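From a predicted model like this one, the values you see are computed outputs, not experimental measurements.
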Amino acid sequence: MSEAYRLGLVGLGKIARDQHLPAIAANGRFDLVAIASRNAQLDGVARHATIDELIAAGHGITAITLCTPPEGRYHQARAALEAGLHVMLEKPPAATLSEIADLARLAAEKQVTLFATWHSREAAGVASAKAWLRDRAIHAVRITWKEDIRRWHPGQEWILAAGGFGVFDPGINALSIVTQILPQPLLLERAAMGVPEGRMSPLTASLAMRSGDAPVSAEFDFLQTGPQSWDIEIDTDAGLLRLAMGGSELTLPGAAMQKAPDREYAGLYARFAELIARGESDVDVRPLQLVADAFLVAERQTLAPFEF
Ligand code: NAP
């Protein structure tokens, strides 16, 4: 097998520790040699305060993975692409559509790989759901994505700042799944969102969309205590398809529920290696377009002040 890609990682926060570090260690095609972190250290791995210092130090790296919040990620990605490095972006790929368009253009110019990841598309039930839906008439789609911000994002003040996406940070995962599995493109028709007083990004959102003739509704709630929901239900001419637990559990009409161990980030790193080897990029902005459209047309409601 060819040599492993020497990798740098930027932003050692929750997702980097929970998912990226174990997935990189298990992959074998990537060798983590340096991190850029304002605060954290990692045993046996060189540390720099910023991506610019990491790049300047060399380390012989060929690829960078960015695990920072979306606001500010453009400048980090741009620095890596300018240096001729392959880049993997956490979702959402950038804070704006013009940023990600410019990064895709730059990656093509530099002839390096840009991979805008959507981890939920790697969930166990998603590929089978897409295959099953290909020949079905779709009557209606209902998305219910309700989680407790205090439980899953403790202290992440950035998520409610401008450019933090608010409840669209988890909600865009649902949109990444439906844009992948529905045969017809999605259009946003109406939206409403609730923004807590003194904050910039929403804690609640409702979207009315359409895919072909089928209405597609989405309810996003960041204040859900008790049972958490990451569910998509699709009414078809052959019965109800249900994807639950973020796409990891699939139930087809008349069949038992199928589920498999979580391999989302293993799938992302395998794909990153494949894209680099083929000299390709993968930048699908459709989930981000729908979120941007929601911010364009939504009716706003002010909610009570929120503290973590
Ligand atoms: P997090 O725990 O807040 O970590 C983000 C890290 O980025 C921080 O620890 C910090 O690392 C670095 N950073 C650089 N500039 C920052 C800034 N201005 N504000 C805050 N942190 C900054 O966030 P996360 O949950 O890992 O999320 C990071 C990205 O991964 C987001 O785009 C999110 O949507 C995505 N993601 C998160 C999850 C999840 O379950 N949490 C799941 C999938 C994807 P240093 O201190 O090392 O500099």
Residues, nucleotides or ligands: over 12 heavy atoms within 6.0 Å of D213 CG: no
Heavy-atom pair of closest approach, residues I138 and P183: CD1-CD, 3.5 Å
Any F168 side-chain heavy atom under 4.5 Å of L207 side chain: yes
Polar contact flag, side-chain donor to acceptor under 3.5 angstrom, E219-S206: yes
Side chains of Q19 and H119, donor plus acceptor under 3.5 Å: no
Parallel, tilted or perpendicular: rings of H153 and F222 (30°, 60°): perpendicular
S217 vs M209 side-chain heavy atoms within contact, under 4.5 Å: no
Shortest non-hydrogen contact from A292 toward L97: CB-CD1, 3.7 Å
CZ (R263) with more than 12 external heavy atoms under 6.0 Å: no
Shortest non-hydrogen contact from A124 toward S248: CB-O, 3.8 Å
Sub-4.5 Å side-chain heavy-atom contact between R38 and L12: no
Same cluster (ILVMFWY, side-chain, under 4.5 Å), I172 and V167: yes
Distance-only side-chain donor-acceptor flag, E147 / W230, under 3.5 Å: yes
Sub-4.5 Å side-chain heavy-atom contact between L9 and L42: no
M200, CE: over 12 other non-hydrogen atoms inside 6.0 angstrom: no
Intermediate values then yes/no, side-chain contact (heavy atoms from CB on, under 4.5 Å), I234 and L182: CA-CA 9 Å; I234 305 183; L182 292 177; 4.0 Å; yes
Side-chain donor or acceptor of R136 paired with backbone N/O of W132 under 3.5 Å: yes
Centroid separation F272 to F30 less than 6.0 Å: yes
Side-chain donor/acceptor of R121 to backbone N/O of A127, under 3.5 Å: no
Heavy-atom donor-acceptor pair, T68 side chain to G11 backbone, under 3.5 Å: no
Test item: side-chain donor near acceptor, T65 and Y269, under 3.5 Å: yes
Taking every non-hydrogen atom, the tightest pair across A80 and I51: CB-CD1, 4.3 Å
Donor-acceptor pair, side chain of K110 and main chain of H86, under 3.5 angstrom: no
Value rounded to 0.5 Å, distance of CG in L85 from CD1 in I61: 5.0 Å
M193 side chain near F295 side chain, heavy-atom distance below 4.5 Å: yes
Heavy-atom side-chain proximity of H48 to T50 below 4.5 angstrom: no
Enclosure of R300 CZ (heavy-atom neighbours >12, cutoff 6.0 Å): yes
Heavy-atom side-chain proximity of Y265 to I15 below 4.5 angstrom: yes
Separation of D52 CG from Q76 CD (nearest 0.5 Å): 9.0 Å
I55 with Y74, same ILVMFWY side-chain cluster at under 4.5 Å: yes
Cluster link L66 to L21, ILVMFWY, side chain under 4.5 Å: no
L187 reachable from L296 in the ILVMFWY side-chain graph, under 4.5 Å edges: no
Donor-acceptor pair, side chain of D262 and main chain of E264, under 3.5 angstrom: yes
Donor-acceptor contact below 3.5 Å, side chain E99 vs main chain A95: yes
NZ/NE/NH1/NH2 to OD/OE distance under 4.0 Å, R271 and E280: no
Donor + acceptor pair across side chains of Q228, W152 (<3.5 Å): yes
Contact summary for S176 and P287, nearest pair of heavy atoms: CA-CG, 3.6 Å
V216-L133 co-clustered via ILVMFWY side chain contacts under 4.5 Å: yes
Student check: side-chain heavy atoms of V126 and I181 closer than 4.5 Å: yes
Side-chain ion pair, R142 and D235, N-O less than 4.0 Å: yes
Between Q258 and S128: side-chain donor-acceptor atoms closer than 3.5 Å: no
E307 atom CD: more than 12 heavy-atom contacts under 6.0 Å: no
Check: L89 main-chain N/O paired with R73 side-chain donor or acceptor under 3.5 Å: no
Derivation of the side-chain contact (heavy atoms from CB on, under 4.5 Å) call for Y5 and N27: CA-CA 11 Å; Y5 300 112; N27 179 281; over 6 Å; no
Check ion pair R47-E53 (N to O, under 4.0 angstrom): no
Separation of R210 CZ from L188 CG (nearest 0.5 Å): 12.0 Å
Donor-acceptor contact present, side-chain S211 to main-chain A214, <3.5 Å: no
Candidate pair T62 and I276, rule side-chain contact (heavy atoms from CB on, under 4.5 Å), full reasoning: CA-CA 10 Å; T62 49; I276 295 172; over 6 Å; no
Nearest heavy-atom neighbours spanning P196 and L203: CG-CD1, 3.6 Å
Gap separating the OG1 atom of T113 from the CZ atom of R278, nearest 0.5 angstrom: 11.0 Å
Derivation and outcome, side-chain contact (heavy atoms from CB on, under 4.5 Å), residues I177 and W118: CA-CA 8 Å; I177 294 176; W118 299 108; over 6 Å; no
Straight-line distance of H20 NE2 to L32 CG, nearest 0.5 Å: 11.5 Å
Donor-acceptor contact below 3.5 Å, side chain W145 vs main chain N173: no
Spacing of CZ belonging to R29 relative to CG belonging to L7, to within rounding of 0.5 Å: 12.5 Å
